[in-house]
Amino acid sequence: MQKTNLKKSGIKREQTFFLVAILAIPTISWLIFWLYVNFSAFTMAFQNQEGKWDLINFELFWQSFNSPYGTNIGLALKNTLKYWMVGAFINFPVAVIIAYFLFKKIRFHKFFRIMFFMPVLLTGVVLVCVYNLVIRPYGVLDSILNLFGKSVPSSGYLNDPATATNAILIYSIWTGAGTTIVLVGSAMARVPVSVLEAAELDGCSPTRELFQIILPLIWPTLSTMVLLTFTNLLTSSGPILLFAPSGEYETATLSFWIYKQVYGVGAFGTMGGTQNYGLVSATGLIFTVVWVPVILFIRWLTEKIPVVEY
Amino acid sequence: MKNQLKIKKSRRSGLFVKGNLKQNILFGFVFVLFTLYALTMFASFLILIMYSLEDSTMYDLKIALNMPFSLPEKLVFENYGVAFSKLEYRDTNFIGLVVNSLWYTAIATVCPLFANACVAYAVSKYNFKLKNVYYGVIIFAMTIPIMGTTGAFMQLIADLKLYNKGPLLNMTTSFVPGGMSFLVLYAFFKNISWEYAEAVLVDGGGHFVIFFRIMLPMAIPAVGALALVNGISAWNSYLDVLLYNPDWPTLASGLFGVSQTLPRLGNIPAYYAALFISIIPVLVVFITFSDKVMSNFTVGGLKG
């Protein structure tokens, strides 16, 4: 921690002035657009549509949670958990392994790096369009399946509640690794070359090198990302809007459900949003309260693992 | 010495290390998997170009006949002209969409980065009473899974008369610090030596000089990498624009809107042409700077 060696009070005053000047705008913005928004969401949860104190939103939540009909919260939660499982247990580990091989400078690694970042570059609109063409009836996948005597159902995977969410999950595996590869990759780039050279001289295998040398060394970065992955559980929406703009065929996720409620009178008008911000706030509040202990536990776990300084 | 040289060489090529069969097989196998993945991305890209040059009637016919992957018989470059002249979303034409995308991306990239740079720098380099409060609050906000505030936010911008006000809305709401950018900049400033600053102080310069003339220019690699990644995601984001600025559609949100009522456009290949135009800037910028991005993206632990 550097301390400014301040002897003259004039410099001290200038420092205070400087700090106030650069912190003023971010602070005010944060107070209004983060703190106030969260506070008002909290109070909204306990108010009815007329602004009176009421627990109606929690009753509505409970009804929607247990309702077997339509796009309800229970279904959205189930789908959200699926997206999160795929993100945390497939995309994340795969991205770390890909980052390792790119870091090891596998042939054409620069080219591959761009290719793995492609899903971030090409908009979802493009990729969803191509993916649709591949899995549609009589598409590419269909011709491949025909070789094995099977075929894509004539209604298509995306138009069937039983398969629609799984089809979108596979899409999110195809396109989900980009940013993680960048973050993990640049952490790996900072691992001292001498350590790896020594390991290589001792005949260390790639698996051992990854799990026993590189991963422990980049643990500060990795643990931050693990924690953020867990935090983002509730907000992981999946590209629902691109596949099923109304959340049809039981594809809705929590954040999609929220979007739909708020977006009631937007461009498409017909999306059936309730415009009930109170219900949205109550739902958010409930999931936040449930999830906070989990996050604190994970954070406690990640801090148990000692950090190697280098 | 010879041995060491060999190893250096092997690190460079990756594939084919002499005498290490197991490792070669592993790298070869991974190489094949990577190539397959790259092919899917490449194919997506080619399909987009192919469709953008297809004759409009032929396109409808081919889709109806379930032959979506046949090459166009002749290349119809006029589709790009049609995209420019005919394509519009909520009374905004193609040029308008591009203009909206430009200012939206600029604001969404610069404002949060500036706010984060200020806070990250102050918190990592100065000792003041609220320092730990700032750091704690930002990390807290990041790790606590808050959701469902969309309604409250909508209400607030409606109360502030900012709903659907275009650049004014984004300028006002974009200076909130936090997120991955804060972590990256915090890690960066933390590792910069304070000696530069002391030299300035000895020469009679002030803290503003240190920040704007010394520290920020030194942070350009990190800021640039963040700007690129944030810029790309802003360029491609459509949800926030649809929600809060419906009459100021950007390329991403406008093209998403058009895609919802695609047959109405009458010329679907022109839509693909517009999609292709919309990804060109992102591709060019990323391929140019990809090396710099990858090496300057360092996130530290949360403990500070």
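Source: prediction; values computed, not measured. Protein chains get the first letters and strands the later ones, always in sequence-line order, with residue 1 at the start of each.
For chain B, no part of F39(A) is nearby; none of its heavy atoms comes within less than 4.5 Å. Looking at L48(B), only its side chain comes within 4.5 Å of chain A, counting heavy atoms on both sides. For L160(B), the part lying under 4.5 angstrom from a heavy atom of chain A is the side chain only. Within the 4.5 angstrom heavy-atom criterion, only side-chain atoms of Y134(B), from C-beta onward, approach chain A. Residue F276(B) does not touch chain A at all, counting heavy-atom pairs closer than 4.5 Å. Using a 4.5 Å cut-off between heavy atoms, I32(A) contacts chain B through both its backbone and its side chain. The contact between A141(B) and chain A is made by backbone and side chain atoms together, counting heavy-atom distances below 4.5 Å. At a 4.5 Å heavy-atom cutoff, the contact between I232(B) and chain A is made by side-chain atoms alone. T172(B) touches chain A through backbone and side chain together, each having a heavy atom under 4.5 Å away. Neither the backbone nor the side chain of A282(A) comes within contact range of chain B, judged by heavy atoms closer than 4.5 Å.
For H207(B) and F17(A), the ring centers are positioned 6.0 Å apart or more. In this structure, F153(B) has its ring center closer than 6.0 angstrom to the ring center of Y244(B). For an aromatic pair to be called close, the ring centres must be under 6.0 Å apart, and Y121(B) with Y126(B) satisfies this.
For the options S44(B), S259(B), S174(B), A115(B), heavy-atom pairs under 4.5 Å to chain A are most numerous at S44(B). The residue among L243(B), T150(B), L255(B) with the most heavy atom pairs within less than 4.5 Å of chain A is L243(B). Top candidate by heavy-atom pairs under 4.5 Å with chain B, chosen from S205(A), G203(A), S40(A), P206(A), is P206(A). The candidate with the highest count of non-hydrogen atom pairs below 4.5 Å against chain A, out of V176(B), L283(B), I210(B), is V176(B). Of the listed residues (L35(A), T43(A), V130(A)), the greatest number of heavy-atom pairs within a distance under 4.5 Å of chain B belongs to V130(A). Note on V282(B), I287(B), I138(B): by heavy-atom pairs under 4.5 Å with chain A, the leading option is V282(B). For chain A, the option among S233(B), G206(B), C111(B), A252(B) with the highest count of heavy-atom pairs below 4.5 Å is G206(B). When the candidates V126(A), V292(A), T207(A) are compared by the number of heavy-atom contacts under 4.5 Å with chain B, V126(A) comes out ahead. Taking L122(A), T288(A), T283(A) one by one and counting their heavy-atom pairs under 4.5 Å with chain B, the maximum is reached by T288(A). Among W30(A), Y131(A), F101(A), the residue making the largest number of heavy-atom pairs under 4.5 Å with chain B is F101(A). For the options I279(B), V30(B), T149(B), heavy-atom pairs under 4.5 Å to chain A are most numerous at V30(B).
In this structure, NZ in K105(A) is found 8.5 Å from NZ in K110(A), a value given to the nearest 0.5 Å. Annotation: the span from I98(A) atom CD1 to I181(A) atom CD1 amounts to 4.0 Å, rounded to 0.5 Å. Between the CZ atom of R90(B) and the CG atom of D247(B) there is a distance of 4.5 Å, given to the nearest 0.5 Å.
W291(A) places none of its side-chain heavy atoms less than 4.5 Å from the side chain of F287(A). Between P119(A) and L127(A), some side-chain heavy-atom pair lies under the 4.5 Å cut-off.
More than 12 heavy atoms of other shown residues, nucleotides or ligands fall within 6.0 angstrom of atom CZ in F128(B).
Taking the six-membered ring where tryptophan is involved, the planes of F116(A) and F112(A) are tilted, since the angle between them lies from 30° to 60°.
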(request) Could you walk me through whether M225(A) and T221(A) pass the side chain to side chain contact (heavy atoms under 4.5 Å, CB included) test, one step at a time? (result) CA-CA 6 Å; M225(A) 293 179 67; T221(A) 302; 4.0 Å; yes

Side-chain polar contacts of residues 35-43 of chain B - donor-acceptor pairs under 3.5 angstrom, sequence neighbours left out - could you list them?
from	atom 1	to	atom 2	distance (Å)
T35(B)	OG1	F31(B)	O	2.6
Y37(B)	OH	W174(A)	O	2.5
T40(B)	OG1	W174(A)	NE1	2.9
T40(B)	OG1	Y37(B)	O	2.6

Would you tabulate the side-chain donor-acceptor contacts of residues 235-242 of chain B under 3.5 Å, counting partners in other chains and residues two or more places apart, or write 'none'?
from	atom 1	to	atom 2	distance (Å)
W235(B)	NE1	S278(B)	O	2.8
N236(B)	ND2	V120(A)	O	2.9
N236(B)	ND2	L121(A)	O	3.2
S237(B)	OG	Y104(B)	OH	3.4
S237(B)	OG	A234(B)	O	3.3

